[in-house]
Number of protein chains: 2
Amino acid sequence: MNVKTLCLAVLNSGNSTGYEIRKLVSEGHFSHFVDASFGSIYPALKSLGDDGLVTSREEQQIGKPNRKVYSITELGQREFLDALTKPAQKDNFKSEFLLLAMCAELIERDLVAQAIDRQIEYLEDEIASIDAEVREVNMVGADWVADYGRTCLGSGLKYIKENRGDLEKIAGTGLAGRQVLAAE
Amino acid sequence: MNVKTLCLAVLNSGNSTGYEIRKLVSEGHFSHFVDASFGSIYPALKSLGDDGLVTSREEQQIGKPNRKVYSITELGQREFLDALTKPAQKDNFKSEFLLLAMCAELIERDLVAQAIDRQIEYLEDEIASIDAEVREVNMVGADWVADYGRTCLGSGLKYIKENRGDLEKIAGTGLAGRQVLAAE
DNA sequence: TAGGCCATGTAACCGGTTACATGATTAG
DNA sequence: CTAATCATGTAACCGGTTACATGGCCTA
């Protein structure tokens, strides 16, 4: 999923500016499963315009900089539908926390506990922001996606809270055996 | 989390070759929360060697190409611990499926149903491979991580199976209203 | 008056992927 | 006989980020 398609997706549900797309995509409700920054969104929008997939009109504002409102064209809609027709790329998940958890035996207990605390806080924040953001998007599918997110994050959070003891128990147990391993 | 640190993490739990690291990291048990390819792992290993964080020795094999077995040094272990001490980067999750789900109203019902089928299959595969791979890693934390993965993926899978009807119901409902939106 | 928000845009940089080169062995 | 597995490595390329430039308005 490249930034162009992402822009089309957002614009497909209503007109928007580059600034707003970035906000939605990297702070708002979309931010939980996609991401993009100014440096890729503005060029993408420009290129989409060149290809006739979007149009734009400049809007004056009082006391604020002009904004360039983009709308998707029929061609753009077709392009977007096309992109969705081909099998979606698999989900992509990266987690430093899980890497640390995997290596727990080699890390001091305090450090592991700290990492767990931070992860819990992070997951709780994430869930809270889903609740807050879902109202800002006028798409029917948003509620379904929000529920899905709450479910997954919630079950992960519950697992960590209930089983953190097990991880903390094994923390540091590999430190003594390290010399043996190194000598091999 | 860059590839170098990732290599240190793997090597911290035992000696390994570039080939094996890639397998573990992009097909094996690590692959569910990190990723890297040959083109980044081999240069990373080389650079780690230059910095004295790992050592390597070449091993002859009969009927197979030589393998270069890397071991982490004490310096490397310290470096790795250091990397883990600073707060972990937040989890990073990307999902084309959720983007599609979010836009469900603008997509034909069949297409949505198809995407859901594929997502279910993907999640089931993912869970099955966790079960298969966890035995291949000799780290105590692996079981905890595997359980975490099963929990999260399982709850997501369950949600999709139970609520797919709701999503399919709203699929395509936005297609008629599109003209109105475009005219605005 | 300092910092944050609104708002658009560019250029340098970088981490990583893709594809290629090489080649023996083994399984189907 | 073909394809896959083992195994290491390089080079071109690319998508995207980071940081910068610009500047008015509003809030603390």
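What you see below is based on every heavy atom in this structure, not just the backbone, and it leaves out hydrogens, waters and symmetry mates. A, B, ... follow the sequence lines: proteins, then strands. Residue 1 opens every chain.
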What nitrogen or oxygen pairs link the protein and nucleotides 21-25 of chain D at under 3.5 Å?
none

- Query: Is there a side-chain contact between A:D125 and A:S129 (heavy atoms, below 4.5 Å)?
  - Reply: no

- Query: Does B:Q61 place a side-chain N or O at less than 4.0 Å from the phosphate oxygens OP1/OP2 of D:dA7?
  - Reply: yes

- To the nearest Å, give me how far apart CZ (B:R22) and P (D:dG9) are. 16 Å

- Which distance, rounded to the nearest 0.5 Å, do you find between the CD of A:Q119 and the OH of B:Y148? 5.5 Å

- Residue A:R67, side-chain atoms from C-beta onward, closest of D:dA7, C:dT10, C:dA7: C:dA7

- Note on the structure: Residues at least two apart in sequence or cross-chain that pass side chain to side chain contact (heavy atoms under 4.5 Å, CB included) with A:E58, listed by chain then number, are A:N66, A:K68

- Task: Mind checking side-chain hydrogen bond (donor to acceptor under 3.5 Å, both in side chains) for A:S26 and listing every partner two or more places apart, or none if nothing turns up?
- Result: A:R22

- Could you tell me the separation between the CG atom of B:L45 and the P atom of D:dG9, rounded to a whole number of Å? 8 Å

Between protein and nucleotides 16-18 of chain D, what N or O pairs are separated by less than 3.5 Å?
unit_1, atom_1, unit_2, atom_2, d
D:dT17, OP2, A:S37, N, 3.2
D:dT17, OP2, A:S37, OG, 2.8
D:dT17, OP2, A:S40, OG, 3.0

- May I ask you to verify if any side-chain N or O of B:K23 is less than 4.0 angstrom from the OP1 or OP2 atom of D:dA7? no

- Task: Take the protein atom CD1 of B:I21 and the nucleotide atom P of D:dC6, then report the distance between them rounded to whole Å.
- Result: 15 Å

- Query: Salt-bridged, B:E124 to B:K161, with N to O below 4.0 Å?
  - Reply: yes

- Send over the distance from A:N66 CG to C:dG9 P, rounded to a whole Å. 10 Å

- Taking only the side-chain nitrogens and oxygens of A:Y19, find out if one of them lies under 4.0 Å from OP1 or OP2 of C:dT8. no

- Query: What about A:I170 and A:Y159, same hydrophobic cluster or not, with Ile/Leu/Val/Met/Phe/Trp/Tyr joined at side-chain heavy-atom distances under 4.5 Å?
  - Reply: yes

- Within this structure, what is the CD-to-C1' distance between B:E59 and D:dT8, rounded to whole angstrom? 15 Å

- Query: Can we say B:R150 and B:E126 salt-bridge, meaning some charged N sits less than 4.0 Å from an Asp/Glu carboxylate O?
  - Reply: no

- Output all residues satisfying side-chain hydrogen bond (donor to acceptor under 3.5 Å, both in side chains) with A:S37, sequence neighbours left out; order by chain, then residue number. none

- Task: Measure the distance from OH on B:Y42 to P on C:dT22 and round it to the nearest whole Å.
- Result: 17 Å

- Between A:E20 and A:R67, is the closest basic N to carboxylate O distance under 4.0 Å? yes

- Any side-chain heavy-atom pair from A:L99 and B:F30 closer than 4.5 angstrom? yes

Please tabulate, one pair per line, each protein N/O and nucleotide N/O from nucleotides 12-14 of chain C that are separated by under 3.5 Å, including the distance.
none

- B:K46, nearest nucleotide to its side chain (from D:dC6, C:dG9, D:dT10): D:dT10

- Distance test, side-chain N/O of A:K68 to OP1/OP2 of C:dG9, below 4.0 Å: yes

- How about B:E108: does its CD atom have over 12 heavy atoms from other parts shown lying under 6.0 Å from it? no

- Nearest-Å distance, CD (A:E20) to P (C:dG9)? 14 Å

- Query: Tell me: CD of A:E27 to P of C:dG4, nearest whole Å?
  - Reply: 13 Å

- Task: Kindly state whether the ring of B:F33 and the ring of A:F93 have centres lying under 6.0 angstrom apart.
- Result: no

